[in-house]
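Contents: one structure, followed by commentary.
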Amino acid sequence: ALMQEKPFNDVNGSGKHNNWSIGTEDGIMLLHPAKVNKATGNDTAFAVIMSAIIAAVNEHGDLMRMAIASPGNDFRLGACEAPPAIVSTY
């Protein structure tokens with residue numbers, strides 16, 4: 001994860017984002033629908049996995065927030081560029 005603050009206002013670039021993935025010890029990427037469906041033979045497996053991740057983020061969002069909250073993160077560039085108070089999935 002790149003944890004470098006975006007240096008200039010109104011310039012797209014290196015804002016703080018934390019992208020992650022999750023996989024099995026066999027190398028199956030659990031956030032890749034086609035690979036999950038192929039490995040499980042179940043077309044609903046990815047939906048179940050994604051639902052579980054979203055439920056976990058919803059349940060433990062306060063812990064995630066505590067891990068990233070700081071004045072430097074919360075108020076950089078007026079808190080308008082990828083503010084850490086917003087957690088999204090897609």
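None of the values given here were measured: they were computed from a predicted structure.
Applying the side chain to side chain contact (heavy atoms under 4.5 Å, CB included) criterion to Thr40, with sequence neighbours excluded, gives Val36, Asn42, Ala45. Under the rule for a side chain to side chain contact (heavy atoms under 4.5 Å, CB included), the partners of Thr24 that lie at least two apart in sequence or sit in another chain are Asp26, Ile28, Leu30. Taking Leu63 as the reference, His60, Met66 meet the side chain to side chain contact (heavy atoms under 4.5 Å, CB included) condition, with sequence neighbours excluded.
Within the 4.5 Å cutoff, no side-chain heavy atoms of Ile22 are placed close to those of Ile49.
Of all heavy-atom pairs between Met29 and Lys35, the closest is O-CB, 4.4 Å.
Screening residues 46-59 for side-chain hydrogen bond (donor to acceptor under 3.5 Å, both in side chains), with sequence neighbours left out, gives no hits.
In this structure, NZ in Lys38 is found 14.0 Å from CG in Asp43, a value given to the nearest 0.5 Å.
Hydrophobic clustering, with ILVMFWY side chains joined whenever heavy atoms are under 4.5 angstrom apart, groups Phe46 together with Ile54.
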